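Before any comments, here is the structure.
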Amino acid sequence: MIIEVDQSGQVVDEWKLWEMLDPTRDNVMKVLDQGAVCLNIDASQSGQTMSAEDIKKLSESDNFGDVPGTGLGYNWAHVNSVDYDPSDDSIIISSRHQSAIVKIGCDKKVKWILASPEGWKKGWSEKVLTPVDKNGKPIKCEGSVCEGNFDFTWTQHTAFRVDEKSKGDIIYITAFDNGDARSMEQPALPEMKYSRAVVYKIDQKKMTVEQVWEYGKELGNK
């Protein structure tokens, strides 16, 4: 849950994410590195992933708390940043365990989703942004992999609106793309992983997203 408080500490609004997003979407959950530090799991599990059976067992257990899994009581969202967009009184969240950047209005309705289109059910799939090139032409994507230099963010942090560049329906978003489970899979070797900083240009009217800058991919596994 995300809450808004006033200067006196009183709660004035709240966003119940399980009512706005899909807590059963498990695509990303199945490919997360279970040895990642933020999952509080033994490092010996580095590079290991969970199967559908593993997730099912979790959902039937009482191991609630900071436990990755789907459904209520489990860490299916893992939101690690919340930003405010004053232009339309909305919040922009970074959901690590969905590898998704999501904008939600004060009416508690999802405005758009910047993420791989895989695994989003009806009601959310229509909100997923379409990748385009600098000319506004749709980029061909197969599953979670797109042509050219465009890529989604994976287990990202700090999804923030770039205020000085955003205007009207055009909004710029910057994020730190951690890179775990990139392309909806674990790489054959840990050395194949990389992180990057990235900036996207989003046309909120056309529901498109263009990647305009990145740094880190060329450095590889540093």
Side-chain angles (χ1 to χ4, degrees), residues 17 21-39 41 45-59 67-71 74-81 93-102 110 112-132 138-159 173 175-198 200 202 207-211 214 216-217 220-221:
L17 294 182
L21 295 175
D22 181 8
T24 68
R25 181 177 181 256
D26 62 1
N27 301 61
V28 181
M29 203 69 59
K30 291 176 182 176
V31 291
L32 289 179
D33 184 344
Q34 294 301 302
V37 174
C38 65
L39 292 184
I41 293 180
Q45 297 298 308
S46 179
Q48 301 300 309
T49 58
M50 286 198 302
S51 65
E53 182 180 354
D54 293 331
I55 294 176
K56 184 176 185 295
K57 287 180 179 178
L58 269 176
S59 67
V67 179
T70 58
Y74 296 94
N75 194 356
W76 60 272
H78 196 107
V79 172
N80 52 35
S81 75
I93 67 169
S94 165
S95 172
R96 180 191 190 276
H97 288 182
Q98 295 296 316
S99 282
I101 299 171
V102 186
V110 172
W112 50 254
I113 299 171
L114 172 49
S116 163
E118 290 192 78
W120 296 100
K121 299 174 183 176
K122 185 177 181 181
W124 293 284
S125 60
E126 302 90 335
K127 302 294 184 179
V128 177
L129 298 172
T130 299
V132 296
I139 295 174
K140 183 179 179 181
C141 298
E142 292 187 7
S144 296
V145 180
C146 297
E147 293 183 345
N149 293 322
F150 184 92
D151 196 4
F152 302 104
T153 57
W154 300 94
T155 64
Q156 74 292 315
H157 281 73
T158 57
I173 297 292
F176 183 79
D177 176 9
N178 284 283
D180 182 38
R182 189 177 301 283
S183 302
M184 207 69 84
E185 64 180 9
Q186 282 293 318
L189 299 172
E191 293 76 19
M192 297 171 67
K193 293 183 178 182
Y194 65 88
S195 299
R196 63 177 184 146
V198 61
Y200 297 103
I202 296 173
M207 294 291 285
T208 60
V209 56
E210 174 192 352
Q211 180 178 299
E214 68 173 347
K217 180 179 180 179
N221 185 252

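These numbers come from a predicted model, not from an experiment.
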Test side-chain hydrogen bond (donor to acceptor under 3.5 Å, both in side chains), reference N178, set Q156, H157, R196, R96, output is H157
Report yes or no: does [X] contribute a side-chain atom to a donor-acceptor pair with the main-chain N or O of [Y] at less than 3.5 Å?
X    : Y    : result
E210 : V132 : no
N221 : M192 : no
R182 : P187 : no
D26  : M29  : no
S99  : T155 : yes

Taking the side chain as C-beta and beyond, is there a heavy-atom pair between [X] and [Y] under 4.5 Å?
X    : Y    : result
M184 : K30  : no
D180 : K193 : yes
F152 : P131 : yes
Y200 : T153 : yes

Supply the atom-to-atom distance K121 NZ to R25 CZ, rounded to the nearest 0.5 angstrom.
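The NZ atom of K121 sits 11.0 Å away from the CZ atom of R25.
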CZ on F150 to CD1 on I139, rounded to 0.5 Å:
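Nearest 0.5 Å value for the CD1-CZ distance: 6.0 Å.
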Walk me through whether W112 and I101 qualify under side-chain contact (heavy atoms from CB on, under 4.5 Å).
CA-CA 8 Å; W112 50 254; I101 299 171; 4.1 Å; yes
Shortest non-hydrogen pair, F176 vs S195, comes out as CZ-CB, 3.7 Å
At their closest point, which heavy atom of A100 faces which heavy atom of A115, and how far apart are they?
CB-CB, 3.7 Å
Go through the steps to decide whether D151 and K217 satisfy the test salt bridge (charged side-chain N to carboxylate O under 4.0 Å, His left out), and finish with yes or no.
CA-CA 11 Å; D151 196 4; K217 180 179 180 179; over 6 Å; no
Residues S95, W76; criterion side-chain contact (heavy atoms from CB on, under 4.5 Å); working and verdict
CA-CA 9 Å; S95 172; W76 60 272; 5.6 Å; no
Do N27 and Q98 pass the side chain to side chain donor-acceptor pair (under 3.5 Å) test, and can you show the C-alpha distance, the side-chain angles, and the key distance before you say yes or no?
CA-CA 8 Å; N27 301 61; Q98 295 296 316; over 6 Å; no
Heavy atoms of other groups near E191 CD, more than 12 under 6.0 Å:
yes
